[in-house]
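Here the structure is laid out as structure tokens; the discussion comes afterwards.
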Amino acid sequence: MTQRLRTSGRRSGDAGPTDSTELLREALPNNKAPLGCYFHGVLPLKHMESQEEKPVIYTMENKPIVTCAGDQGLFTSLYTSLAQQLPREPMEWRRTYGRAPKMIHLEANFVQFKEELLPKEGNKALLTFPFLHIYWTDCCDTETYKSSVKEDMMRWQNTLRSHSSADWVIIVVESNETKKKNKPNILPRSSIVDKIRSDFCNKQNDRCVVLSDPLKDSSRSLESWNALLLKLRTLLLMSFTKNLGRFEDDMRTLREKRTQPGWSFCEYFMVQEELAFVFEMLQQFEDALVQYDELDALFTQYVLNFGAGDTANWLGSFCAPVRNWSGLLLRRPIDMEKRDSIQRGEASLLDLRSYLFSRQCTLLIFLQRPWEVTQRALELLHNCVQELRLLEVSVIDGALDCWVFLSCLEVLHRIEGCCDPAQLAANCSHTVGLWAYATDKLKCLGELCGLVSKNGPTSEDLNRTVDLLAGLGDERPETVNSLQSPYKKLKEALSSVEAFERHYLELSHAAMEMYQAIGRLRSARLVGKSLAEFYMRKGDPVRAEPFMKEALKSYESEGWRLPVTHTRRQIAECQKLLGRTEDYLRTSALLAGDVNLSTEERKHFCQEILSFAGRSGNPSHKVSLCMNVFAQLTRLQFRPATASVHSGAVLQVELTLRCLMPVPVCIQQLAASIHFDVDHGGTHGRSKGATRQTNQGTIEFKPGTSSAGPNSSTTAGPTLEMDEIQDRSPSDNSLSSVGVVCKNTHLIIRRRENGSPPETPNCVSPPTVAMKEGGQMLKVQNVKLEPGNNSITFTAPSGQPGTYTLRQLCATVGEVQFVLSPIYPSVRYEVYSQEPQLTVEPLSEPLLAGMPQLVKFTLLTGHYTVKKGDALQLSNTETMPILPSSSCTARISSPDAELVGESTLSIQSSEKVTSISLPPTLPYQVLEFQLEVLCIIPSGSERPANERLTNGEVRHRPRSYSHPDTPMTAIDQRMSIDCPWSIYSTLLALTFYIPFKTKHSLLSSGNRKYIQVCVQNVSDMNFTLTDMKLTEKQHSSLELQSLNTKTNQLLCSKHSVFCLWEVRWKDDLPSCLQCVFSANFCPLNQDASAFKPFHYQFQLERVTTLYSVRAEILPPPGEQHCRSGLVCGLEVCITRLTEPSEGEIAEDSKTDTDGLKNAKLMYEVADSSSNWAVCGKSSGMVLMPLKANATHKVQIEVMPLFAGHLPFPKIKVLKYLPHNAAAAIQPDPGKVPLRVKMIFFFFLLFSSFTCRIFVSISLISAAPLRLFTASFCVFSSCRPQTAV
Amino acid sequence: MKCFNYPLYIRSVPSQNELKFHYTVHTSLDVVEEKVSAVGKSIGDQRELYLGLLYPTEDYKVYGYVTNSKVKFVIVVDSSNTSLRDNEIRSMFRKLHNSFTDVMCNPFYNPGDPIQSKAFNGIVSGMMVQTG
């Protein structure tokens, strides 16, 4: 491609057809004349730093070239309307290769036809390619046509044909004026046209167009114009399609040759760019951009292939050392300088990339996609740096930084140039990357050129600066006059320390503000941190600190350990420079314990603290630091584990501290402050002590999250610390309420200050670590803490009873205090004071009454010291004597059940009091001894008068009652003991159980009476029973004859022994008997001396028999035997045996008419076992006279239902109660059964069926009356069945 | 939902420049959040987990991936490593995500703790060796 063909730049506002010579003159690499400008719908520029520079958006003022031959005067006259009207209507352009058709406005650059314009063979230039050739003529007379015009046309055609150009058209202009001028030999216009058509348009009649009256304003003229324009457009498009298609084909062919040696990227670049130019010319920017993107991708691929070892020869030119780093140039539509160097194959990589990007940028801005420019720019800059590295192009230090810096600013300026400020502000997310990149690069340059140091640049630095500036070259003409251009900025920034600082700060702040505006706070902080580093290097820690702190806060809150450590180290440096001793020490402490640092560094920071601590300064002012960073409390252990001791006892607290320092640290004093609470209520304290025991006296502290760990726990808040509370009633220790309390509400319901971040575990915000003075302290002096776990033991004060809570821990190293506050979870121990306590309990359960039993006395001395001569005074009771024993030893033991000593007790008994003298015993020890006591079994209903005890109290008779847990009857035996430590007597109760249950019964047989005593052993022991005796107290005439054969009776557990006596009397049987049953018992297999007496008193009333009942069953008359199914007769005979007694008469006031007193009796015969059917009347009432031997017979019909031995049917005899008595007792006053005891003596004779029943009825008590009947037994069955 | 941005796992090979990567990854969270919130507004549930290139730097490319439970993965690769295209990065993230799910399924793993799983470590090492 020749230089000449590249010369199609045009001024704006064409005045007329351009002379092609003029076109030739406009060869323009350094054309001073401003290039034409037009607006492609791009926003007009509002702001440009230099208003004197007119051009805003530069582009080539190119239009497709159309040549004009023939009558130049005619064309000139029509040119304006033609140029105006051609682009007015869009045409649809159908594309090859399946590309979508486009509507296109066609414009044209009309130039006079010259042969030189026609491309020579092999020339592939497209931009200067004449797409259409027009021949203009207004010839209307044949002569002229034949003489000159035809010839001219012929020449024109030949020229075209020789260049094989087929895109031509002949326009014949016809006007009335011309017609009028040449009156005589006027041929019809059509004839000329026909002639031309026949001469030239061989079968292509459309190549000749008639334009009628072009300068008239008539409808005909308009019509012909439209036809002409349509024709021109169609022809132009046809030409485009044909020529561009051919061009593209050639280009592809060329591209396919890229693997061949000698292929040059630069050549190909020019070819494809030609296509891009044409598209741009046609305002098809999208298509144009595609061409450049393809070139970009192709080049990128070559570079990558180069990296992979596949070298192309042509790439060599791009590997030349970079000598110029003047940055992107985006102010020109085409950077001809760079384009030329590419064309010559001399371009460097940066040149090529810059040029390519500037073209892409221009097109993108035409396409109104400025934000894509910024994005692509960032990619380009990164990519270029990478590519240079990949190609191993030698670049001097800082050159690329310059290039990137300038380029960034250039892109930003360019974008600012085409957007209004509001748009810019809204889209700073797109530009901020460039700002940050520029900032970064400027910083690098500053460091390189010694502009960041305190002392300013050295001569070496200056030399480097000069070299760098040399590579920038001269400022471009576009910006020479502007006050602020990237070039000027860089030059100025590198010129002096102050200027650099100004520019750097400006950029940094701009980048930070933008990041903040779009919410990229982390990025903003990183820029801030970089700024802080700059300040530090400048020796300005004051300004550096806030940025660092801001950054650190962010890393801490998000738990990024390495950045935290790094930033913190920088802060330490800063604080040291600032002389903030306290802050510096705090940071140093954090760093000394930071595992992310090397041991050397940690030692350094530790040493910093220690050397400060060792300094002798003002002793009143100590620096307090948070202990967590220095050492962690991991475990706390109480000894004893209950954490509850009596006052004065030794309590040790063992702390496990994990020291985080890298070297051993000597601590002058380790102190734990204690909060003391006086305890209320001893029981409360003891219950708490019990809960302590569950954790074995050891409190594990959660391993603190190391210095920068994720602090999710702090954001979630502290965990709830719950405790159970029990409220017991003070009188009987019964539970009255139970609840759960939260112990750390003050931590949980704490109000968070707005905006302040949650407190981090690494104590960055200076915690309030003031050590409270004054309280009680646990102290240890001179401890050496080794790295790792250390165990420290305190002896805790235990003077006063109460609760002691450990609050703070404070380690003092010289001037430095490490304070842990508060200790959490809270740790407390208790000191209690106990009253002496005496308990008496059975040695073995249950205590049995009637036998010697051992009881254990336990004395907890509490705070009382038992002195020599102290004695316990037991009031004696008759019901429970204390049995003297020869050897009674007391055991003294410590609270841990460790035996301390033993000694013999001396026990003296007087009449009223038993005195036990105690051995001397120390406080809080346990004294134990055993005594043997005997509880005498009460013998029934005997009730002696109340007695008084020695202390004047009314003696309570031991009351027996039945215990729900055991069948044994229990007796509560109270003891009253006077103790030396109290003026009040101690009252204690022991529960004894009676091992026996005794029952008695009166048995009658006719007139004879028997007394039966049943002794039931309800205990778990086996006994031997001897000497069972029954005596009657009042009636000496009465004789009780024992029917018992054995004197010694074994009475096993849960078994009974029955004893029977017959009552014999001489005159009269007394109606009331006072009996005493006595026996001796001892546990089985014990010798006779162990026998203890047992008494049982009882009273029998109404002993005498009132009535006898006889029953007889007789076979029916005429029958010998009773047969089943036959009705037999039952004769019941009731006979009164005794005269009425006094009480009885009074009771039954019923008087008969004859003066005799009668008793109303009711009888009833019933057979429940269905042996008998009672026929007819089964019950009735009889009136019995109250007279001895009064008899009443009743006949009843019964029928045996079975054959065989049948028991008698049941005969019940009942006595009526008087009205008044019955009303009180039973709801039915009618009849009440007598309490009847019957002993059957009956024999059943099969042959005769004669049977007698003797029933003796004794009225034992009037009410309630129960009926005992026996249905079937043979002789002396003593087990009556209960019927009602 | 509040997102925590503390690191569960960081690995860098080679380790000499680790600090720089920590800073880079931390800063990339800005873009991750930006992208996640932008997506959240428009579509909602059906979200592409892969966020693509978060931002390029001169030396590194930073890619992001966010699980539905807002666990973020960030991969930083050397810019000069041209063998890693979008698809490779995508599959790396998918592999990471699978392995991460396995870690979470471990009943002994306490969610929120730094990951110390050997299996996970192995997967990561494998990827790093492979990418060279």
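First the proteins, then the strands, lettered A, B, ... as listed; each starts at 1.
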Does any part of the side chain of A:His566, heavy atoms only, come nearer than 4.5 Å to the side chain of B:Lys20, both counted from C-beta? no
On a heavy-atom basis, the closest approach of A:Gly559 and B:Pro7 is O-CD, 3.0 Å
Does the side chain of B:Glu58 reach to within under 4.5 Å of the side chain of A:Lys441, using non-hydrogen atoms? yes
Measuring from A:Gln386:CD to B:Lys61:NZ, what's the distance to the nearest 0.5 Å? 7.5 Å
Distance-only check: which donor-acceptor pairs under 3.5 Å involve side-chain atoms of residues 515-523 of chain A, not counting sequence neighbours?
residue: A:Arg520; atom: NE; partner: B:Glu34; partner atom: OE2; Å: 2.8
residue: A:Arg520; atom: NH2; partner: B:Glu34; partner atom: OE1; Å: 2.9
residue: A:Arg522; atom: NE; partner: A:Glu558; partner atom: OE1; Å: 2.9
residue: A:Arg522; atom: NH1; partner: B:Asp30; partner atom: OD1; Å: 3.1
residue: A:Arg522; atom: NH1; partner: B:Glu33; partner atom: OE1; Å: 3.3
residue: A:Arg522; atom: NH2; partner: A:Glu558; partner atom: OE2; Å: 2.7
residue: A:Arg522; atom: NH2; partner: B:Glu33; partner atom: OE2; Å: 3.0
residue: A:Ser523; atom: OG; partner: B:Asp30; partner atom: OD2; Å: 2.6

Quick one: list whatever passes side-chain hydrogen bond (donor to acceptor under 3.5 Å, both in side chains) with A:Thr439, sequence neighbours left out. none
Considering only heavy atoms, which portion of A:Leu390 lies under 4.5 Å from any heavy atom of chain B: side chain, backbone, both, or neither? neither
Check whether A:Arg389 gets within reach of chain B through its side chain, its backbone, both or neither, counting any heavy atom under 4.5 Å. side chain
Relative to chain B, which segment of A:Thr567 carries a heavy atom at a distance below 4.5 Å: side chain, backbone, both, or neither? both
Counting distance only, does the side-chain N/O of A:Trp560 pair as donor-acceptor with the main-chain N or O of B:Asn5 below 3.5 Å? yes
Quick one: pull up OH in B:Tyr6 and CZ in A:Arg561 and give me the separation to the nearest 0.5 Å. 11.0 Å
If one checks every heavy atom of B:Ile10 against chain A at 4.5 Å, the contacting part turns out to be side chain
Measuring from A:His382:NE2 to B:Tyr55:OH, what's the distance to the nearest 0.5 Å? 10.0 Å
Could you grab the distance from atom CG of A:Leu562 to atom OH of B:Tyr23, nearest 0.5 Å is fine? 8.5 Å
